[in-house]
Amino acid sequence: MQEFKPVKEGKVREIYDIGEHLVIVATDRISCFDVILNNKVEKKGTVLTQMSKFWFDMTKDILPNHMVSVDVTDMPEFFRRPEFDGNSMLCKKLEMLPVECIVRGYITGSGWASYKENGTVCGITLPEGLKESDKLPEPIYTPSTKAEIGDHDENISFEQSVAYLEKRFPGKGQEYGEKLRDYTIALYKKCAEYALTRGIIIADTKFEFGLDEEGNIVLGDEMLTPDSSRFWPADGYEPGHGQPSFDKQFARDWLKANPGNDWTLPQDILEKTIGKYLQGYELLTGKALK
């Protein structure tokens, strides 16, 4: 049996190059504030992979994505083991574009902090009088540069994203910049509308895109998971303060409240965290995780 080693390890994912394709494995690692915690969150990787699959299938009409299969029998023998079953995705190889495509439908997090300071988010002026967690009149596109592990991503304006892409892809900056913005907003609108019918508000999310061999823009990475998005329960949604969420907010809140935590979570916080991930998955897809 051929052995494979990851060619790239992210904070929570491992990427294996198997020749024509990649296998992307979502591990049970958890990162908060750009730090990988000492705990593992069991089943988290499976939730992330299966949720991405759900959204990739739903949005193929907007643009193609990199997913080929999540069935390990379609992968080399090395991956047909319990630790890869359910949390691995066979993907097309893409040349990734160096911009994180962030879309915000509600004002929260760093966007709320910026708005309170000067009425803008990433250089975009917003209406006066918004409260924390308010729905924005229209979703806004706020791209950022992609940082290496340990560094922080840097928010940039749409114009800066065009210049940034132009440097890497001469003659294509404007076209790519506009397509990334338009795809990001179209994907968000379709999925956010669907999620609302399932009782979930998608407050914000980020997408990553790449180019296939023909130079077409293809959706890559993960899609609308609790790691890349803020999901709030629609039931009980009330602007004016932060909202409870279906993601690692439990973990973040506990770390903030317990300095000197050595980046290690207690068992009850781990259980609450995976409970939120599973609840979000079941609400959105209408089925329990296998």
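These numbers come from a predicted model, not from an experiment. Numbers here are sequence positions counted from 1.
The number of heavy-atom neighbours closer than 6.0 Å to CD of E42, taken from other residues, nucleotides and ligands shown, is 12 or below. The number of heavy atoms from other shown groups lying within 6.0 Å of NZ (K43) does not exceed 12.
Between S69 and M75, the shortest heavy-atom distance links the atoms O-CE, 3.9 Å. Of all heavy-atom pairs spanning V12 and R29, the tightest one is CG1-O, 3.2 Å.
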_The test is side-chain contact (heavy atoms from CB on, under 4.5 Å); show your working for D74 and V68 and say whether it passes._
CA-CA 9 Å; D74 295 330; V68 178; over 6 Å; no
*Should Q2 and I18 be marked as a side-chain contact (heavy atoms from CB on, under 4.5 Å) after you check the CA-CA gap, both sets of side-chain angles, and the distance that decides it?*
CA-CA 10 Å; Q2 188 179 357; I18 61 164; over 6 Å; no
*Can you list the steps and then say if L255 with I269 is a side-chain contact (heavy atoms from CB on, under 4.5 Å)?*
CA-CA 10 Å; L255 291 166; I269 297 297; over 6 Å; no
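Legend: residues meeting salt bridge (charged side-chain N to carboxylate O under 4.0 Å, His left out) with K92, ordered by chain and number and at least two apart, are absent. In this view, F246 satisfies the ring pair (Phe, Tyr, Trp, His ring centres under 6.0 Å) rule with no residue, not counting sequence neighbours. The side chain to side chain contact (heavy atoms under 4.5 Å, CB included) search around V7 returns I15, D17, not counting sequence neighbours. Listed by chain and residue number, I30, K44, L270, I274 satisfy the side chain to side chain contact (heavy atoms under 4.5 Å, CB included) test with V41 (two or more places apart in sequence, or in another chain). For the salt bridge (charged side-chain N to carboxylate O under 4.0 Å, His left out) test, no residue two or more places apart in sequence or in another chain qualifies with D253. Partners of E138 according to the salt bridge (charged side-chain N to carboxylate O under 4.0 Å, His left out) rule, which considers only residues two or more places apart in sequence or in another chain, are K189. Applying the ring pair (Phe, Tyr, Trp, His ring centres under 6.0 Å) rule to Y176 yields the partners F169; only residues at least two apart in sequence or on another chain are considered. Applying the side chain to side chain contact (heavy atoms under 4.5 Å, CB included) rule to E271 yields the partners Q267; only residues at least two apart in sequence or on another chain are considered. Remark: D262 pairs with N38, T264 by the side chain to side chain contact (heavy atoms under 4.5 Å, CB included) rule, at least two apart or across chains.
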For residues 116-128, which side-chain donor-acceptor pairs fall under 3.5 Å, sequence neighbours excluded?
residue	atom	partner	partner atom	Å
N118	OD1	T120	N	3.1
N118	OD1	T120	OG1	2.7

Pair up each side-chain donor or acceptor in residues 276-284 with any protein partner under 3.5 Å, not counting sequence neighbours, and list the distances.
residue	atom	partner	partner atom	Å
K276	NZ	Q279	OE1	3.3
Y277	OH	D227	OD1	2.5

Determine all donor-acceptor pairs shorter than 3.5 Å in which one atom belongs to a side chain in residues 228-236; sequence neighbours excluded.
residue	atom	partner	partner atom	Å
S228	OG	T225	N	3.3
S228	OG	T225	O	3.4
S228	OG	T225	OG1	3.4
S229	OG	T205	OG1	2.8
S229	OG	T225	O	2.8
R230	NH1	D204	OD2	2.7

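Note that CG of N87 and CE of M89 are 10.5 Å apart. Values are rounded to the nearest 0.5 Å. To the nearest 0.5 Å, the span separating CG on D221 from CG on N65 amounts to 12.0 Å. Between the OG1 atom in T142 and the CZ atom in R181 there is a gap of 13.0 Å [rounded to 0.5 Å]. For the atom pair L130 CG and Y106 OH, the distance stands at 13.0 Å (nearest 0.5 Å). For the atom pair CH2 of W254 and SG of C32, the computed distance is 11.0 Å after rounding to the nearest 0.5 Å. Rounding to the nearest 0.5 angstrom, the gap separating the OG atom in S31 from the CH2 atom in W263 is 10.0 Å.
Taking the side chain as every heavy atom from C-beta outward, L180 and L165 approach each other to under 4.5 Å. In this structure, L63 and L187 have side chains that are in contact, with non-hydrogen atoms separated by less than 4.5 Å. Between I24 and H66, the closest side-chain pair of non-hydrogen atoms falls below 4.5 Å. Q243 places none of its side-chain heavy atoms less than 4.5 Å from the side chain of I201. Looking at D212 and L94, their side chains come closer than 4.5 Å, going by heavy atoms from C-beta outward.
The backbone N or O of E222 sits nowhere less than 3.5 Å from a side-chain atom of S52 that would complete a donor-acceptor pair. In this structure a side-chain-to-backbone donor-acceptor pair under 3.5 Å is missing from N155 to S144. Panel note: side chain T59, backbone I62; no donor-acceptor pair is recorded below 3.5 Å.
There is a path of hydrophobic side-chain contacts, each under 4.5 Å, that joins Y183 to F56. By the criterion of side-chain heavy atoms lying less than 4.5 angstrom apart, applied directly or through intervening Ile, Leu, Val, Met, Phe, Trp or Tyr residues, V218 is not grouped with M58; the two fall into different hydrophobic clusters.
Salt-bridge formation is detected for the pair K172/E175: a Lys NZ or Arg NE/NH1/NH2 atom is positioned less than 4.0 Å from an Asp or Glu carboxylate oxygen.
Ring geometry for F54 versus Y194: interplanar angle of 30 to 60°, hence tilted.
Here F78 and F4 bring their ring centres to under 6.0 angstrom of each other.
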